[in-house]
Amino acid sequence: MTYRELLDISLENRKNSYAPYSKVHVSASLLTEDGEIFNGVNVENSSYGATICAERSAIVSAVSQGYTKFKAIAISSNLEETISPCGICRQFILEFGSDIDVILGDENEEKVYKINELIPNGFLL
Ligand SMILES: [Zn+2]
């Protein structure tokens with residue numbers, strides 16, 4: 001599984017996003033160290049604060065199935081500009097390892113960051 005392939009899975013899964021309010025369809029594909037893939041999408045709610053982001057959706061799905069060791073997460077959206085995880089999701093990814101790769105991009109290009117680059121001095125107990 002290359003990171004390009006992981007990002008392509010994320011792009012394909014954008015169709016499952018539930019975003020009737022913002023119309024911003026976000027998708028995250030999480031690669032475990034075992035090679036399993038868990039997809040997540042943003043799921044909006046009319047009570048906006050109840051909305052969950054794609055990144056946390058993917059991680060919650062994986063943890064629910066017993067997976068907590070992650071290699072990478074690819075994130076995409078239907079916006080023209082590259083989307084980047086929000087602060088809460090950066091913290092949420094960091095919980096599972098400071099060296100997780102975060103792949104951002106679209107059909108044409110991808111950039112890879114370490115999560116600890118995206119949330120320097122993150123909160124860890
Ligand atoms: Zn988020």
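Whatever order the structure lists them in is the order used to number ligands and atoms, beginning at 1.
A search for side chain to side chain contact (heavy atoms under 4.5 Å, CB included) contacts involving N116 returns S98, K114, not counting sequence neighbours.
For the 3.5 Å distance criterion, the side chains of S27 and S76 fail to qualify, holding no donor opposite an acceptor. Under 3.5 Å, the side chains of Y3 and D101 contain a donor-acceptor pair of N or O atoms.
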Scan the side chains in residues 47-63 for donor-acceptor partners under 3.5 Å anywhere in the protein, sequence neighbours excluded, and list what turns up.
from : atom 1 : to  : atom 2 : distance (Å)
T51  : OG1    : N45 : N      : 3.2
T51  : OG1    : Y48 : O      : 3.0
S57  : OG     : V41 : O      : 3.4

For R14 and E107: C-alpha separation, side-chain torsions, deciding distance, then whether salt bridge (charged side-chain N to carboxylate O under 4.0 Å, His left out) applies. CA-CA 12 Å; R14 286 178 302 182; E107 291 84 350; 3.2 Å; yes
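Looking only at protein N/O/S atoms, the ones less than 2.8 Å from the Zn ion (ligand 1) make 3 in total.
Within the structure, the ring pair (Phe, Tyr, Trp, His ring centres under 6.0 Å) test picks out the following pairs touching residues 59-108 (sequence neighbours left out): F38-Y67, F70-F96.
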